[in-house]
Amino acid sequence: MKSVLYHIFLSLCLFAFIGCEDFFETALELDTPEFRQGINVIGEAFAGDTVITLRVNQAKSSFSTEPYTTLINAVIKAKVNGEEMTVNYVQFDSSDEDAFVIELVKPLRSGDRVEIELSHSGFPTAYIDDIVPPLVELNTGPLIYDATKDQSGDGLSRMNFSINYINGNGPLYFTSKAVYHQTLTQCVRENINGQFVCVRFDTIILANERGLTINDPNAVEGSFGSMVKQYDGGVEKQYVGTIPNYFVNGLRQTTSDNRVEMNFISMSEQTFNYEVSLSQYYASKDNPFATPVNVFGNVKNGYGRLTLKAVTRAIVPVE
Amino acid sequence: MKKYTINPAFLSIAVLLVCSFNMANIGNAQSTATISGYVIDEKTGEALIGANVYIDVSNEGTVTNNFGFYSISLPKGTSGVLNYSYIGYVSKALNFELSSDLSLNVGLSSSIELEEVEVIAEKNKRIERETQMSVSEIPMAQLKKVPALFGEVDVLKALQLMPGVKSGGEGQSGLYVRGGGPDQNLILLDGVPVYNASHLFGFFSVFNADAIKDVKLIKGGFPARYGGRLSSVLDISMKEGNLNEFHGTASIGLIASKLTLEGPINKGKTSFIVSGRRTYIDLLAKPLIKANFRDGGSEGDLGYFFYDLNAKINHKFSDKDRLYLSAYTGRDKFFFNNEDKNGFGDYSRYSENALFWGNFTSSLRWNHLINPKMFVNTTATFSNYKLNTDLEFGERQKVNPDLRNRFAVDYLSGIRDFALKIDVDYLPSPGHFLRFGANAIQHQFNPGVFNLLNEDTETNLKFAESFGQDLVDGLETALFIEDDYNISNKLKVNGGLHFSTFTTNKKTYASLQPRFSGRYLLKDDWSVKSSFASMRQYINLLAFEGIGLPTDLWVPATDRIRPQDSWQVAVGTAKTFKDVYEFSTEVYYKKMYNLVAYKDGAGIFQTDDWQNRVVQGDGRSYGLELLLQKKEGKFTGWVGYTLAWAYRQFPEIDNGIEYFDRYDRRHDFSIVGNYNLSKKINFAATWIYSSGNPVTLPTVLADDRLPGPGNGHQNTGTGIEYFGSRNNYRIPSYHRLDIGVNFVKQKKRYERIWSVGAYNTYSSNNPFYLYINNTSKIENGMSKTVRQLTQASLFPIIPYVTWTANF
């Protein structure tokens, strides 16, 4: 009897703890949530650009697996500072990609107001209205290699810089990144008689870019570096930016020119909101216990975004 | 000349105090005498909390307090019969003639041992006669028979079966009361707040049922003696230990074993109780895990366990003075260690990771009887909740492991309280039961500190740094007064004031909270009740919704984060049928202000100021609760139903539009039954049904590829998901049947109980969470990607068996 009880007990224990994975997941035939139909617009433009290129298609149910289809019959009206621009539908030769291109009469400048109206049968008319952000006055110091450490103890390179926000109408939104192109000589190996032998050298050029972490208490950390909202217009403000040593290592090892291009990218408020929410969106995605994040869009009555940016560049030495 | 002002709160309390004493002394104008004493379990000497004491002729009476004390003042010369009753015990009646103050300590016998004796219902403590409404009480004997997950009897999960109380999810022990959050429950163990009441990520509560004497959950109409949380008070009293004989309980279950010992140190004067519990999955699985690591060419260990230990000593100096010292400690530990012996050259790579958390609470209580009418309880308490995460990895020499290069991160957070409080029970006449007192709690919050260490013992290079947030102190004080006032035979009210302050970082908040509850007897066994309670909460729990994680962080109100406030009104009716069936129904409306939630995308393990990561908003909830309960007889149990709505509104979420709370569930239905077939066998079953709570699901998928060649193809499954409004979708409903049978046998030296049963008997696939799954499907011979809403369930049927010995 004791032996029987012992075996029953053991079986119950095993039964309780061994689960079949398939059992725990159930595909449900449930009504999918209702959604709002709308035109989806994606575009990015910088001060100095002569065209604004837009991808225009249809947002779909989150359960749909149909491909995105360009709304080629969309009617698009674009104005810059109230002046109407020409809009053309183009198909790119090199691929099956297409887009709408707004031909600008003159290059975009900081402070230009961009208004776009998009309409298509079956969808509500969508609108975009934003202003090209200001360029900044920038003073940079050198990028000092291995100047400090991060929270994990890894080495960081540091750069001091100051920004003077000239226009001073509302806050300045900016981010920054370091850019350099790395030329690498790579050995191409082939299997000759069972041995991999270097038969020739190919030259490849890699574009390296990495966002800076900026010492502002209100900075929002995105996947490409800190995004800062600076409130004071007309006041020069000091910042310290850091970047992992390994980014600079490549530059030091492969080029004799120890200089890096720093890009200071100012953004419109709408663009800043989009970039911040996009970072938060990816941070919480696929985590069933995290609060989901809605990505900010600046397309009224529709989906997507037109991000407007202005870039100030500076070449800085690496010490 | 210096100007003096009187704080209106203190003035209000003083006025109430004076009025109450004056009213109370009306009874004293006549020449009265007092009958007072303790009601105890005759066999163990344990005090019986809430026992009913009443005089049969006048129907006047009272109930014992948390220490079993009662007091009734009557005109001198009164004679009659004094009845003592308590649920599950045989009532007792004593004749008296009152010529002077009388001390009567009364012992009652458990009705379990005297099967055939008719048990008289507790007339004066019947539900329709009490002023307090919105209370859930489950007798411990009944609670222990409720079938449980893995057979682990759980106080909090049993309470989830009562109306107005919801669980956080499948298997979770968290409480969500009347639309409130998990941090809005004041959980007291012998008067000490317990900050994290969960083991195993919320699947079990920290309360070992073998060490608990009494459980009471108050969901609204809070008496003035309670404060500091918005939604509920869970008052748990530990056993005191048998004063007369040594006894013990040992049990072996599927995941844990328990041992409880109790007995007299000095018979009739001093007793102790010690109760411990530990899980042993880590020990059983150890050989398997080690073998698995070895197969992979490394050495390692992986495991999880929790334990808890309750201990209490009490000493009776005299009928006037008694001292209690109680303590609880519990800890959870999850660990993962690995060493790759192959490593490289003379070195092996290793990692050692551990996550452990736990509470320590202790209290020292002194009961003193100033006179037969005035009972004073003075309590000093300490509570400490700590979370610690240790991560270490590096390389060490195979020959001499002390020579190593390592990187270690240690994360610490927690809360620590020291508290002192004094409560006075004053029973000047049968018409009044006055309670007043004061307390002060010194909180110390640790909102998260990282310690880093990078060390190379071969080269003696060392880098150590600590960063994170500073410890924050907060002083919470409170004064209260309340009176349970019997205005007439039909009308009884409980009115009171609770005044509290909180000081942190030179910022002081103060709040005066009026409390009221009353009942009017329509008939002898039927009453209508109403209540109003204003509450304030100075501490907040930063928690992710859906699961009780040890990483949830306690933080104080600050100059930027305002304290949470609420008010709640409830009306209801209560009736007893045939002396054994209690029926109650209540409707309530609760409004909450300054609730705290994480901003979108914010999280734990961040070093920035936590205040930057939260937003504040409001909430409201309302509903209807029905409860039919039978507490005595061969068949006991209850049927509960809740119809409820709960909303949240935060300016920064959903553009400030009100949305359904994560735990808004329209219907909750539960049936709990326990049938004693004989002294040897009893059956128990529980069936619950809950309609689905809302979750946030994406509704729209939109392309986010910039235009132009090289930016991707017209792919199908990618893009940005838009969620529409918060909590825009309801998960399927939940239902489950649990059954259990207890086989009891009296052996020569002990009583043996086999408990067998099953959780989720018909293996209902209940929702744990939903997600969208990309899967491939063959259609017309072609593979096609399908996005499908998928439900993850947690527990199929989980049978259990537990062996218990009472000796």
Side-chain angles (χ1 to χ4, degrees), chain A residues 8-9 12-13 15-17 19 23-28 30 32-36 38 40 42-44 53-55 57 59-69 92 94-97 99 149 151-153 217 277-281 283-286 288-295 303-304, chain B residues 150 254 407 450 452 454 463 467 544-547 598 600-601 603 607-608 696-711 713-717 719-724 728-729 732 765 769-773 784-794 796 798-801:
Chain A
I8 289 172
F9 180 75
L12 285 170
C13 290
F15 190 45
F17 289 106
F23 184 86
F24 290 97
E25 290 187 351
T26 318
L28 297 173
L30 295 173
T32 52
E34 286 183 6
F35 75 100
R36 180 172 56 87
N40 183 42
I42 312 108
E44 184 175 55
T53 310
L54 301 177
R55 186 191 293 277
N57 53 29
K60 56 186 188 177
S61 159
S62 56
F63 294 90
S64 166
T65 51
E66 298 302 314
Y68 297 110
T69 311
F92 298 103
S94 56
S95 68
D96 56 357
E97 291 282 301
K149 289 192 186 303
Q151 293 171 359
S152 313
S277 63
L278 189 70
S279 294
Q280 292 172 341
Y281 168 81
S284 65
K285 198 172 184 320
D286 297 328
F289 304 113
T291 311
V293 175
N294 267 322
V295 175
Y303 296 93
Chain B
F150 296 115
L254 281 185
F407 177 72
F450 286 91
L452 293 181
N454 195 350
F463 168 77
F467 56 90
F544 279 109
E545 292 179 334
I547 191 162
Y598 270 126
D600 285 352
T607 52
D608 64 324
T696 308
L697 280 184
T699 56
V700 170
L701 192 64
D703 198 357
D704 192 47
R705 295 165 300 138
L706 284 168
N711 284 326
H713 301 286
Q714 300 274 19
N715 46 10
T716 55
I720 285 179
E721 290 173 328
Y722 289 87
F723 295 88
N728 57 355
Y729 196 81
N765 278 3
Y769 62 84
L770 303 182
Y771 66 100
I772 295 170
N773 196 13
K784 192 182 172 191
T785 302
V786 176
R787 282 168 66 80
Q788 198 160 34
L789 191 59
T790 305
Q791 172 185 290
S793 301
L794 201 58
I798 305 281
Y800 69 82
V801 57

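Here is the naming used below: chain letters follow the sequence lines, and residue numbers restart at 1 for every chain. Worth saying up front: this structure is predicted, and the values here are computed from it rather than measured. Basis for what follows: all heavy atoms, side chains included, without hydrogens, waters or symmetry-related copies.
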**Q** Give the minimum heavy-atom separation between Thr699(B) and Phe35(A), together with the two atoms involved.
**A** O-CB, 3.4 Å

**Q** Restricting to non-hydrogen atoms, name the atom on Arg705(B) and the atom on Arg55(A) that form the minimum distance, rounded to 0.1 Å.
**A** O-NE, 2.9 Å

**Q** Could you report the tightest heavy-atom contact between Phe723(B) and Val293(A), atom names first, then the distance?
**A** CE1-O, 3.3 Å

**Q** Whether the side chain of Tyr281(A) engages the backbone of Glu721(B) through a donor-acceptor N/O pair (distance < 3.5 Å, no angle test) should be reported.
**A** yes

**Q** Grab the two heavy atoms, one from Asp703(B) and one from Asn57(A), that are nearest each other, plus how far apart they are.
**A** OD2-ND2, 2.9 Å

**Q** Of all heavy-atom pairs between Ala702(B) and Ala59(A), which one has the smallest distance, and what is that distance?
**A** CB-CB, 4.2 Å

**Q** Test of understanding: with side-chain hydrogen bond (donor to acceptor under 3.5 Å, both in side chains), list the residues that count as partners of Ser61(A), not counting sequence neighbours.
**A** none

**Q** Compare all side-chain heavy atoms of Leu701(B) with those of Tyr68(A) and state whether any distance is below 4.5 angstrom.
**A** yes

**Q** For Pro698(B) and Ser62(A), work out which heavy atoms get closest and say how close.
**A** O-OG, 2.8 Å

**Q** Could you pull out all residues at least two apart from Asn728(B) that satisfy side-chain hydrogen bond (donor to acceptor under 3.5 Å, both in side chains)?
**A** none

**Q** Rounded to the nearest 0.5 Å, how far does OG1 of Thr53(A) lie from CG of Leu706(B)?
**A** 9.5 Å

**Q** Any side-chain heavy atom of Arg36(A) within less than 4.5 Å of one from Tyr722(B)?
**A** no

